[in-house]
Structures are given as structure tokens and as C-alpha cells.
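Comments concern the structure below.
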Amino acid sequence: MRSHGNWLLPLATFLLLALLTLATWHWQLRIQTQAEELANNQESAAITAEIRDRLNLHGQFLRSLQAFAAAAPTQDKAMWRRFAKAMETEGSLAGMFAFAYAPAVHRNAPETLGKSSKIPVDRAMARIFLKTNSGLALPLVFIAPESPAVESAIGFDLLSEPMRREAINRAVLTDSIAMTAPIELQPDKGTKRPGFQMLHAIFQEHGVAKNTPSFAGVVLTAYRFDEFMSSFKLPLSSRFVLLIFDEPLAGQSTEASAPTLIYNSDPSRSIDGAPLLHHEIDFGGRNWILHFYQSSHGSKGLDTPALVLYGGLLGSLLLALLVHHLATHRERAERYALALTRELSEHRDHLQELVHERTASLDRALQQARAANQAKSEFLANMSHELRTPMHAILGFVELGSRRATNVSDPRIAQYFQRIDQSGQRLLSLIDELLDLSKLDAGQMVLHPTRLDVAVLIKQVGAQLESLLIDRQLHLDISSQVASTWITADESRITQIICNLLSNAIKFSPQGGCIRIELSEAQLPAGRRAQDSGLQAALAISFIDQGIGIPSDELEHIFEKFVQSSATKNGAGGTGLGLAICRAIVSQHRGTIAAHNNPGPGACFVVTLPLNCWMENSGQHD
């Protein structure tokens, strides 16, 4: 009964959240459906508007072509070519296959176009085809752009086909642009490649009857449907499958005919059912019907309703399990408490034995630590005698050998002794750093505080390192923002800190740069014990260079032993002990040392020392 009762609240929680999830899913589904309908309407309207605008733009070009042909009835082929060359058909007129001029020719003229005085062309041999019983012919005489396939249509009679003849009649009756039903262009005969033409009639005034212009021919533009539709900027198949049907406008044809399919953006897909959207374009006496069907290739993106549904149900289940977990938490806690009580009882029975074992283990660890400390002290004593004394002897003999090599005027031997001396001095410096660090770690380094002027000490160290500054063409700028730079500290150790930090600044500064050392007021905590409170006056010494800086994640890591910054490992040398020794000396003086990068290039090391590191009441260092 208790187990069944624990599931009632989680089940009720799940059902309530599931109902809320279903309501949210229905709401999101409705929002998504409305958004898709709006997007479909906008995109289909944009596609329809672009097709209509393109037809109107080509219609404007056809009107300019008609005006050119009507204004120059005696034009020759050279004039026509100049006009065609001036037309930009690849830009705004993209999708056009060709444009042409066909004058009106009476059948009583000879068969050869070039011999007819009524045809304003050069006298190249041409013939009119296909033959009809009509007394009037409209043969193509000018076609552009010129190509063998296009020029094969020269002489073709536009009145020889009924659909072209019907469009020409409309163009003559309305004196406006007329568009043909779907046809095959003359170069595409037999390919069943659908196309269409736009035509405009040309009228000219003759003799005294100037108010009754006579029909003089037509100008036309020809298109292939697939090339015309592929010239549009809008992706016609991104969201929809577009089908375009052609039919005559009401009243333009006496015979009722079914719309003819002239374009399909996705022929591989079978279209069933009613279209998603329907638009129509009326132009040139024809009506284009645009049917938009939903494309199966388009990406719908993130399905928010499905995400809400599945995510909500999963979240409801997890929350119900969490409620069940919390409901049974007390029972589990009671079981855990009983088990813990039994375990504590067992430990209580053996507590004395465990205490004795732990005490013995701590005694052994203490003895090992004392033995290790004693071994370290003995090692330091041995190192001081076994390393430093022989190294001084080596350097002494090197100096003696160097003098003798100089006396005998042997520069090569003198150079060898100089290199031995440099290596020995470097090894001696490393030994001194190791011994200093060991003494500082063991707390055996005794400070001898005296009153000293930090500004004077910095100038002395700068004078000692002047040769390095001159060699790298560096400028040392020392500025003080405090009235007094006197502190109580161990002069030799403070000198060691200044020398180390200034040497690093020289080592990593660019040629011809500037190193700034600034002295300013600061404050430090009064002490390190829990009962200490308040602040004490201090002096901050900032070493600012113009080097490459330090990576932000290494600003604290560089003060560890045998560690160098990854950005400054450029072969400049160093053991990685200098900054560790500086931190140990500063810490023994109850001060701080920190590093940070400048706003510009370079890094800044700030040493903060109390004005008096000596404990007045006890007479010793804290």
C-alpha cells in the first residue's frame, strides 16, 4: 500500500504536465502553420511579381524595337546590326532567346527576298518558307543575336502557323503587344521544346492617306520557357514546385480549350491534388496560371511543435520521477540512518584500537619528516662546502690561466679561459640560487634589517647593469611618487630582488626600448595572525618593461620553482629560480609580489614591502 501511495503524486504530476505540454504543442503548431502560410504567400507573390515585371520589361524593349523599325523604314542590315549590338540582352533582358524584324511582303513579289524593292535589306539570296495560300507573307529578315542556328530562320513566314497568325492578328487589331500560345521556335523544330513569342505590329503612313496607316510588318522577341524561367533571381524550387499553364484570355478565343502546361520546376515529382497557392498573370492576350505545390525537397528547419511535444513529455516524465524520488527520500534516509548507526556502533567498539593505530602512524610520519629535514640540513651543509669551495678554486685557476694566456699573447687560449670563466660564474650563480632557495624553504635564512633608501639602491643596481642597458640600447626611467623611499629591510636581499627583476626586464625588452621603475605608496595587512587587524603603510616598487608580456594563465605559475613563461622561452637563459627566490624573500619581509600585463606591450612586476618588516615589540622578524 505504501508503494502504491508513493506513485500517486508522481502520476498526477505527469498527467498535469502532459496536458500542459499538449496545449502548448497545439498552440505552437497553430503559430507555425500561420507562419508557413504567410511565408508561402509572400514567396509565391514575389515569384509572380518577378515574372510579371520581367514580362513588362521585355514588353518595353519590344516597344522600343517597334519604334526603331517604324522610324527607319529604309534601314539596311548594317543599321540593324548597329542597333542589335547596342542592346544589352544579358542583363535586364536575360532569358530572351532572340529578337527579330519581319516586314509585310505581298505574294505577287518574286520568290527571292533580295530582289524585292519593298524589303529594306541587302540583296543577299533568301527565300520565303513555308508557302501559304495567303496573299501576304511576314518573312523574318533581321534576327539577333546572330548565330547559325538563329539565322536558319531567316525567310520563315510567321503567317504559316496558326498560333503565330492568331497572335499577329491580335497585335494588328489592338496595336499593342500580343503573346503567342506555346510554340516550338524555328531552330527547335522537332525537339518539343516549348517556347513563346511576343509580337508588336508596325504601321506606316503612305501618300496622301496619311491618316490611314498601313500594316508594314511586325517585330518580335522569342523565348524558350526553360531559359526564360531559369533567368530569375528567386529560387523557384526552394519552397515550391511551380507549374505554369497557358490559356487565352476570356473573349480572345472563340474556342474553349484546356490550359496547356508550359513549365514544371520539378519534372521528377508527380503532382496530385489541388495546388497550395494559385496566381494568374495576364499579358499580351494570354493568361498564365501559376500553381504552387509544396516541395518535398525544402528544409523546414527546426520543428518547434515537435520539439515542444517530445521535450515536454520527456521533461514531464523526468519531473515525475524526481517527485517520486523526493517522496521516497525520507524512507531511504531512515534506512541509511539505521545502517550508519550500526556502522558507528561497530566503530565505537573498536575506537580505542583505531586511536592507538592512528597515533602510531602519526608518530612514524613525524619521525620520517624529522629525518628528512635533518637529511636536508646535512645536504645543505655538504653542498655549501663540496660545491662552492671547488667552484671558487676552479674560477681562481681560470683567472690565473687567463692572465698567463694574455701575457703570452695567445688570443685563442685567452678566449677559451674566458668561456670557462663565464660557464663557471653561471654554475656558481645556479648553486647560490639553489642554496638560497633551500634555506628560505627551511626557514634558515636570517634577515638583517637596516634602514635603507630604496631609490638609492635602485640607482646602484642600475649602475651595475649599465653595460647590459648600453648593449641593448635601453633607457632606464626611475620615478618616485612618494616623499620618502626609506624602509627597514635586509639590504642584500632587497638588492637581490631588484637585480633579478631588472635583469629580467633587460633580458626580455626589445632593442631600443624603455624600462620604467616607479615607487608609490601602498598598504598591506598589519599581520598574518587571526588576531591581527588593520593596515600598515608600505612601499610599492613597479618594474615595467615593453617586452612580449606573459600569458594571462601563467601570471601566478611563473613564481613557482623551475618554471619559465612559455612566451619568454626564447633562448635568453635562466633557471626558473629567480622569481621563486624573489617571492620567498618578499614573503619573509611580510610583503607581496605580483605580475600583470600592461595595457600596451610588456609586463609589470609589483613588489610591495612594508616600511618596517621588523617586529618592534619582539625584536625579531614576524
Of all heavy-atom pairs linking Pro259 and Glu247, the shortest is CG-OE1, 3.6 Å
Residue set satisfying side chain to side chain donor-acceptor pair (under 3.5 Å) with Ser503, at least two apart, ordered chain then number -> none
Check: Phe196 ring centroid to Phe225 ring centroid under 6.0 Å: yes
Correct closest heavy-atom pair for Ala84 and Ala144 would be CB-CB, 3.6 Å
SB check Arg193 Glu227 (cutoff 4.0 Å)
yes
OG (Ser44) and CD (Gln42) are apart, to the nearest 0.5 Å, by 9.0 Å
### Arg54 versus Ser231, side-chain donor and acceptor atoms under 3.5 Å
yes
The ring-ring contact (aromatic ring centres under 6.0 Å, His included) partners of Phe83 (sequence neighbours excluded) come to Phe68
**Asked** Donor-acceptor pair, Asn597 side chain versus Gly549 backbone, under 3.5 Å?
**Response** no
Ala18 and Ser316 have their tightest heavy-atom pair at N-OG, 3.8 Å
Honestly, is Arg52 close enough over Phe283, meaning NZ or CZ under 6.0 Å from the six-membered ring centre and within 45° of the axis? no
Check: Do Arg516 and Glu518 meet the salt-bridge criterion of a basic N to acidic O distance under 4.0 Å?
Finding: yes
Applying side chain to side chain donor-acceptor pair (under 3.5 Å) to Thr221 and not counting sequence neighbours gives Tyr223
With sequence neighbours left out, the residues meeting side chain to side chain contact (heavy atoms under 4.5 Å, CB included) with Gln523 are Leu535
Sorted by chain and number, sequence neighbours left out, side chain to side chain contact (heavy atoms under 4.5 Å, CB included) with Asn41 holds for Leu277
Taken in chain and number order and not counting sequence neighbours, the residues that satisfy side chain to side chain donor-acceptor pair (under 3.5 Å) with Gln66 are none
Contacts of His279 meeting ring-ring contact (aromatic ring centres under 6.0 Å, His included) (sequence neighbours excluded), chain-then-number -> Phe292
_Working for side-chain contact (heavy atoms from CB on, under 4.5 Å), residues Leu185 and Arg224_ = CA-CA 8 Å; Leu185 300 181; Arg224 291 167 173 163; 3.9 Å; yes
task = Kindly indicate whether the side chain of Thr180, heavy atoms from C-beta on, has any atom under 4.5 Å from the side chain of Leu199.
result = yes
CG (Asp545) and CG (Leu501) are apart, to the nearest 0.5 Å, by 10.5 Å
In this structure, CE of Met163 is separated from CD of Gln197 (nearest 0.5 Å) by 10.5 Å
Residue set satisfying salt bridge (Lys or Arg N to Asp or Glu O under 4.0 Å) with Arg358, at least two apart, ordered chain then number -> none
Check step by step if ring-ring contact (aromatic ring centres under 6.0 Å, His included) holds for Phe99 and Phe61. CA-CA 10 Å; Phe99 59 93; Phe61 169 74; 5.2 Å; yes
Hits for side chain to side chain donor-acceptor pair (under 3.5 Å) against Glu556, two or more places apart or cross-chain, chain-then-number order -> Arg583
Of all heavy-atom pairs linking Leu57 and Leu93, the shortest is O-CD2, 4.3 Å
Residues passing the side chain to side chain contact (heavy atoms under 4.5 Å, CB included) test with Ala306, sequence neighbours excluded, are Asp303, Tyr310
Between Glu161 and Lys189, is there a side-chain N and carboxylate O pair less than 4.0 Å apart? yes
Quick check: do Val241 and Asn264 have side-chain heavy atoms less than 4.5 Å from each other?
yes
query: Taking the side chain as C-beta and beyond, is there a heavy-atom pair between Glu151 and Ile143 under 4.5 Å?
result: no
Sorted by chain and residue number, the ring-ring contact (aromatic ring centres under 6.0 Å, His included) partners of Phe245 (sequence neighbours excluded) come out as His291
Output, in order, the C-alpha distance, side-chain angles, deciding distance and verdict of side chain to side chain donor-acceptor pair (under 3.5 Å) for Glu554 and His557.
-> CA-CA 5 Å; Glu554 298 179 4; His557 188 53; over 6 Å; no
Nearest heavy-atom contact between Val606 and Ala540 is CG1-CB, 4.4 Å
Practice item. Would you indicate whether the side-chain heavy atoms of Leu220 and Leu158 approach each other to under 4.5 Å? Key: yes
Parallel, tilted or perpendicular, as decided by the 30° and 60° cut-offs, for the rings of His325 and His329:
tilted
* **Validation row: Pro194, Tyr263 side chains within 4.5 angstrom (heavy atoms)** => no
Worksheet item: Quick one: does Asp188's side chain have a donor or acceptor within less than 3.5 Å of a partner on Glu184's backbone?
Response: no
So CG of Leu20 and CG of Leu15: to nearest 0.5 Å the spacing works out to 12.5 Å
Begin with the C-alpha distance, continue with both residues' side-chain angles, and end with the deciding distance and a verdict on side-chain contact (heavy atoms from CB on, under 4.5 Å) for Cys514 and Gln546. CA-CA 7 Å; Cys514 177; Gln546 296 177 341; 4.0 Å; yes
Kindly indicate whether the side chain of Asn287, heavy atoms from C-beta on, has any atom under 4.5 Å from the side chain of Ile289. yes
CA sep, side-chain torsions, deciding dist, call: Asp246, Trp288, side-chain contact (heavy atoms from CB on, under 4.5 Å):
CA-CA 5 Å; Asp246 174 83; Trp288 283 6; 3.2 Å; yes
- Intermediate values then yes/no, side-chain contact (heavy atoms from CB on, under 4.5 Å), Met229 and Leu242: CA-CA 11 Å; Met229 298 303 296; Leu242 174 60; 4.1 Å; yes
When rounded to the nearest 0.5 Å, the distance separating NE2 of His596 from SG of Cys604 is 3.5 Å
task = Give a yes or no on this: more than 12 heavy atoms of other residues, nucleotides or ligands lie within 6.0 Å of atom NE2 of His278.
result = yes
Sorted by chain and number, sequence neighbours left out, side chain to side chain contact (heavy atoms under 4.5 Å, CB included) with Thr592 holds for Leu524, Thr608
| query | Does Trp27 reach the side chain of Leu22, with side-chain heavy atoms less than 4.5 Å apart? | reply | no
Separation between CD (Gln60) and CG (Leu55), nearest 0.5 Å, reads 11.5 Å
Scanning both residues in full, the closest heavy-atom pair of Ala201 with Asp175 reads O-OD1, 4.5 Å
Original post:
Hey, does Phe605 have a side-chain heavy atom less than 4.5 Å from the side chain of Asn504?
Top reply: no
Under 3.5 Å, side chain of Gln536 to main-chain N/O of Pro525, donor-acceptor pair present? yes
